[in-house]
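See structure below.
So that the names make sense, note that chain A is the first sequence line, chain B the second, and so on, each numbered from 1.
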There are 2 protein chains.
Amino acid sequence: MTAPSFRNWQSVQDEVLRRIHAREWKPGDLIPNEADLAIEFGCARTTVNRALRSLAQNGLLDRKRRAGTRVAAQPVAKATLDIAIIRNDITDRGQKYGYQLLQSRTIVPPPAISGAMKTGAGQPLLHVMALHLADDAPYALENRWINTAVVPQALDVKFDTSSPNEWLLQNVPYTNGEIAFSAKMASRDEADVLACLSQSALFKMDRLTWDNGQSVTKVQILFAPGYQMRTEL
Amino acid sequence: MTAPSFRNWQSVQDEVLRRIHAREWKPGDLIPNEADLAIEFGCARTTVNRALRSLAQNGLLDRKRRAGTRVAAQPVAKATLDIAIIRNDITDRGQKYGYQLLQSRTIVPPPAISGAMKTGAGQPLLHVMALHLADDAPYALENRWINTAVVPQALDVKFDTSSPNEWLLQNVPYTNGEIAFSAKMASRDEADVLACLSQSALFKMDRLTWDNGQSVTKVQILFAPGYQMRTEL
DNA sequence: CAGTGGTCTAGACCACAGG
DNA sequence: CTGTGGTCTAGACCACTGG
């Protein structure tokens, strides 16, 4: 049996996966270094590096300088969620997108908001509430605070035909952010807007984005009952 | 002003980010090709490639052969969730991990399960229910089906001291999987086990993993009220 | 200190898709 | 057909870190 040759990084990756899978390399095991693998696979070290780096990014390998590469003892599944603009979420599924502005005003936020956004306690922010609809049915309720000290252009935008979700993502860059998902029981008002029963279990997404240390916007999006966020592993 | 030199792919990435950020390159714009950027930045094309490839992976650029590289018009935020073993989730936060097996038996599953797992309608599966605790408080309820036709070793494991969550992740590889997050109102039984009020809003994770086209396991994990899944952007 | 992964380089060929 | 990104190569130096 002749040794198969591995001509590209994906086939190298496949072979490494096969060995992990077949338990030739067991969790916790140290695997050969890049140079040796390159010789064995008959390719350049760069190619092996690319394959192993990719696997490490997926959590299947642990790599450390000098210490070498090990098969992850406790694999951590990395699930990548694509958080798209809500309009696209809906139209991509072939549904009709609808939008309704519920409220838009500049007010002094409650302490919880100004605290999280690190804005001054008395500093007013733009507060927008809007409803997204799919095929005329309530889909998600957007409850957003915008730091107009950082994004003054937002004051000139009427969010009556397109949502702040859309406008901000397309027009305001950010350097980093935090996102959290949780479940929340619908309050009476929320149930009313989302046309569901009070006390329904709702899927909630909280996002806070920053631009070079200054908060840009903080948003809570409440999805109507039945919403699922899915992805592949 | 002398042109700064970019000696590594991260600094190239930073510069590209800066240009996008400063709107020198606007959403939808075609940016210069790799070769030109390499000349401008005074580095090898490989280095530019690495930087742009990374940005494309993060959803900030759209790249196509022949068509070139464009700034994403509708940026899609990619949030990477690390789905760790529940025990580690808890101990990493400095809490005490506890575990309790509620039930373990081999039975014929309801059609919804055998359908999703693509097992024969009458084929029995191993069904395990277990509770994870953090500092002695209920944390998550694991409701799992295991395809013993694919993982016969599971029959020899007593899940009385460590969970199937842990055992499977450490011992059974998979090739791919699906994962979904949603919200669910607690049934009376679930509320009982999780020591919360009936009708509480619970965060739910459903995972189904496959190994070369055969289902390995299907699990539903219900988290006690207050649970948040967080990540950075 | 020395072995490992991390990266850069210059050049090359290839695959794809727009015109 | 041709320009673009995608990738491979061989060699080199560097940065980190375990022993």
Nearest-nucleotide comparison on DNA chain D, the residue closer to the 5′ end among Lys64(A) and Ile31(B):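 The residue mapped nearer the 5' terminus is Ile31(B).
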Taking C-beta and beyond as the side chain, do Tyr227(B) and Asp89(B) meet within less than 4.5 Å on heavy atoms? yes
Length of the [atom1]-[atom2] vector between [X] and [N], whole Å:
| X | N | atom1 | atom2 | value |
| --- | --- | --- | --- | --- |
| Asn33(A) | dG5(C) | CG | C1' | 9 Å |
| Phe41(B) | dC8(C) | CZ | P | 13 Å |
| Arg65(B) | dT4(D) | CZ | C1' | 9 Å |
| Asp62(B) | dT4(D) | CG | P | 17 Å |
| Leu37(A) | dG5(C) | CG | C1' | 12 Å |
| Glu34(A) | dG3(C) | CD | P | 16 Å |
| Leu52(A) | dT7(C) | CG | P | 13 Å |
| Trp9(B) | dT7(D) | CH2 | P | 15 Å |

Looking only at side-chain N and O atoms, does [X] come under 4.0 Å of OP1 or OP2 in [N]?
| X | N | result |
| --- | --- | --- |
| Arg66(A) | dA2(C) | no |
| Arg63(B) | dT4(D) | no |
| Asn49(A) | dG5(C) | no |

State plainly whether the residues Glu40(B) and Arg45(B) are in salt-bridge range, i.e. N to O under 4.0 Å. no
Where the side chain of [X] is defined as all heavy atoms beyond and including C-beta, which of [options] is the nearest nucleotide?
| X | options | result |
| --- | --- | --- |
| Thr47(A) | dT9(D), dG6(D), dT4(C) | dT9(D) |
| Ala67(A) | dG5(D), dA10(D), dG18(D) | dG18(D) |
| Arg53(A) | dT7(C), dG6(D), dT4(C) | dT7(C) |

For Thr46(A), report the nucleic acid contact type (base, sugar-phosphate, nothing); a contact means any heavy atom under 4.0 Å.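 Since a base atom lies under 4.0 Å of Thr46(A), the category is base.
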Base, sugar-phosphate alone, or nothing: which one does Arg45(B) contact when heavy atoms must sit under 4.0 Å apart?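 Arg45(B): base contact, heavy atoms under 4.0 Å.
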On the 0 to 90° scale, with breaks at 30° and 60°, tag the Tyr97(A)-His132(A) ring pair as parallel, tilted or perpendicular.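 Tyr97(A) vs His132(A) ring planes: tilted.
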Would Arg87(A) and Ser163(A) count as having a side-chain donor-acceptor pair, cut-off 3.5 Å? no
Do we see a donor-acceptor contact under 3.5 Å between the side chains of Asn49(A) and Thr46(A)? no
